[in-house]
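Written below as structure tokens is the structure these notes are about.
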There are 2 protein chains.
Amino acid sequence: MPAKSDLPQGTLDLLILKIAALGPIHGYAIAQRLQQVSRDVVQVPQGSLYPALHRLENRGLLAADWKETETGREAKFYRLTRKGRAQLETEAASWRRLTEAVGIILRLREGGAE
Amino acid sequence: MPAKSDLPQGTLDLLILKIAALGPIHGYAIAQRLQQVSRDVVQVPQGSLYPALHRLENRGLLAADWKETETGREAKFYRLTRKGRAQLETEAASWRRLTEAVGIILRLREGGAE
DNA sequence: GCATAATATGTAGAAGATCGAGGTAACTTC
DNA sequence: GAAGTTACCTCGATCTTCTACATATTATGC
């Protein structure tokens, strides 16, 4: 059984920014890397990937240049802008705050808090 | 500065199911409880809350009865159905798997994993 | 008696994100 | 020359969330 995972809204942007922060990389490779690192928990369909990249580029968080890949093909390499780096930090902090809060809630027991 | 938090899609259902699992409770109180326990990180606007409750009820995950609150007012008390309990477990497991994966990604360093 | 706030429910409409399905093209391997 | 992989892209359906609005009851203050 495949680990069907459906990223919640907003999460994809955070992950893309994070991967791009590790060094210039093209879209297709971002999706592969996410899938590898997460052991298939995170799977990004192309219909989500490319709109997200364009969205981030339009917002000035990513910048792109066409370059040659290692295999000698043209691809669009994305890198984080200064603004993108700031955004990444903000979103990562929100993510941590939120997951911490949700974690607390999920661990509640009857007759628990206050 | 308020901890503006905007729950990602799907998360609200999970949290509602979890709170309802602790015992019958009405909608307004669910929102209050979430906010209290999370120290204001999770804030549920009514325009999100009630549609979510109806959604969950229609899917057969919650069941509702009108009862009197402690303050003597009529309110709709929700409780988890058997199906809802199963769904809660599934969603909680997904949530853990996902946050774990995202956590790994957010901790990546250049020249890191594979 | 009247205004305000808190409790408690609900709807309508706009805005955004994800995703399945489709399309293009180049390069590699058999 | 057919198939598979890499690499880009768009469109439309679908679902959530959120802002704003609407309603009714109870409690508090003046």
Side-chain angles (χ1 to χ4, degrees), chain A residues 2-17 19 24-36 41-59 61-62 64-78 91 94-95 98 102, chain B residues 2 4-17 19 24-36 42-59 61-62 64-78 91 94-95 98 102:
Chain A
K4 230 292 186 173
S5 125
D6 291 73
L7 287 173
Q9 205 162 311
T11 312
L12 180 57
D13 288 8
L14 169 61
L15 296 181
I16 290 176
L17 290 177
I19 297 298
I25 185 170
H26 62 272
Y28 194 83
I30 292 176
Q32 284 186 319
R33 201 143 156 67
L34 285 174
Q35 186 166 348
Q36 279 171 18
V41 173
V42 176
Q43 292 180 48
V44 186
Q46 300 187 335
S48 306
L49 174 67
Y50 292 108
L53 287 172
H54 301 331
R55 199 159 62 224
L56 294 170
E57 196 179 358
N58 287 338
R59 289 174 59 198
L61 307 178
L62 291 180
D65 311 284
W66 288 91
K67 279 189 216 161
E68 226 178 72
T69 65
E70 295 169 4
T71 59
R73 213 170 305 195
E74 286 293 302
K76 211 168 167 184
F77 281 78
Y78 290 92
E91 284 191 27
S94 290
W95 173 262
L98 177 70
V102 172
Chain B
K4 229 290 184 179
S5 125
D6 291 78
L7 288 173
Q9 203 161 318
T11 311
L12 180 57
D13 288 7
L14 169 61
L15 296 180
I16 290 176
L17 290 177
I19 298 299
I25 185 170
H26 63 271
Y28 194 84
I30 292 177
Q32 284 186 320
R33 199 139 156 71
L34 285 174
Q35 185 167 348
Q36 280 172 14
V42 175
Q43 293 181 48
V44 186
Q46 302 185 332
S48 306
L49 175 68
Y50 292 106
L53 288 171
H54 301 331
R55 202 160 59 228
L56 293 170
E57 195 179 359
N58 288 336
R59 289 172 60 197
L61 306 178
L62 291 180
D65 310 284
W66 287 92
K67 278 188 218 160
E68 223 177 75
T69 67
E70 296 170 4
T71 59
R73 214 169 304 195
E74 286 294 302
K76 213 169 166 185
F77 281 76
Y78 290 93
E91 284 191 27
S94 290
W95 172 263
L98 178 70
V102 172

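When reading the values below, keep in mind they use all heavy atoms of this one structure, side chains included, and skip hydrogens, waters and symmetry mates. Just so you know, these numbers come straight off a predicted model, no measurement behind them.
The interatomic distance linking A/Q36 (CD) with D/dT6 (P) rounds to 10 Å, in whole Å. One atom, CG of B/L56, and another, P of D/dC15, lie 14 Å apart when rounded to the nearest Å. B/L49 places its CG atom 15 Å from the P atom of D/dT16, with the value rounded to the nearest Å. For the pair A/L53 CG and D/dA7 P, the interatomic distance rounds to 14 Å; values are reported in whole Å. One interatomic measurement links the two molecules: NE2 of B/H26 to P of D/dT26, which rounds to 14 Å at whole-angstrom precision.
Residues passing the ring-ring contact (aromatic ring centres under 6.0 Å, His included) test with A/Y50: none are found, sequence neighbours excluded. Residues passing the salt bridge (Lys or Arg N to Asp or Glu O under 4.0 Å) test with B/E57 are B/K76, sequence neighbours excluded. Looking at residues two or more places apart in sequence or on another chain, you find no side chain to side chain donor-acceptor pair (under 3.5 Å) involving B/R59. Annotation: side chain to side chain donor-acceptor pair (under 3.5 Å) contacts of B/Q46 (sequence neighbours excluded): none. Applying the side chain to side chain contact (heavy atoms under 4.5 Å, CB included) criterion to B/S48, with sequence neighbours excluded, gives B/L12, B/V44, B/P45. For the side chain to side chain contact (heavy atoms under 4.5 Å, CB included) test, residues two or more places apart in sequence or in another chain that qualify with B/Q32 are B/Y28. For A/R73, the salt bridge (Lys or Arg N to Asp or Glu O under 4.0 Å) criterion is met by no residue, not counting sequence neighbours.
Closest contact between the side chain of B/S48 and the listed nucleotides D/dC18, D/dT6, C/dA8 involves D/dC18. When the nucleotides D/dC18, D/dC9, D/dT10 are ranked by their closest atom to the side chain of B/D6, D/dC18 comes out on top.
OP1 and OP2 of C/dT7 both lie 4.0 Å or more from every side-chain N or O belonging to B/T69. Note on A/Y50: a side-chain N or O is less than 4.0 Å away from OP1 or OP2 of D/dC8. The phosphate of C/dT9 has neither OP1 nor OP2 within less than 4.0 Å of any side-chain N or O from B/H54.
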Just the atom pairs and distances: protein N or O near nucleotides 15-17 of chain C's N or O, under 3.5 Å.
residue: C/dA17; atom: O4'; partner: A/Q9; partner atom: OE1; Å: 3.4
residue: C/dA17; atom: O4'; partner: A/Q9; partner atom: NE2; Å: 3.0

Inset, instruction - Indicate for each nucleotide in nucleotides 21-30 of chain C, in 5' to 3' sequence, whether protein heavy atoms under 4.0 Å reach the base (B), only the sugar-phosphate (S), or nothing (-). - result: B----BS---
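When all heavy atoms of A/A52 and A/D13 are compared, the closest pair comes out as CB-OD1, 4.0 Å.
Two residues are said to be in side-chain contact when any heavy atoms from C-beta on lie closer than 4.5 Å; A/Y78 and A/L56 fail this criterion. A/L62 places a side-chain heavy atom less than 4.5 Å from the side chain of A/I16. Side-chain contact between A/L15 and A/L7 is present, with heavy atoms from C-beta onward closer than 4.5 Å.
The residue among A/V44 and B/Q32 whose nearest nucleotide of DNA chain C lies closer to the 5′ end is B/Q32.
Counting only Watson-Crick or G-U wobble pairs whose defining distances are both under 3.5 Å, the stems of 3 or more consecutive pairs in DNA chain C are C:1-30 with D:1-30.
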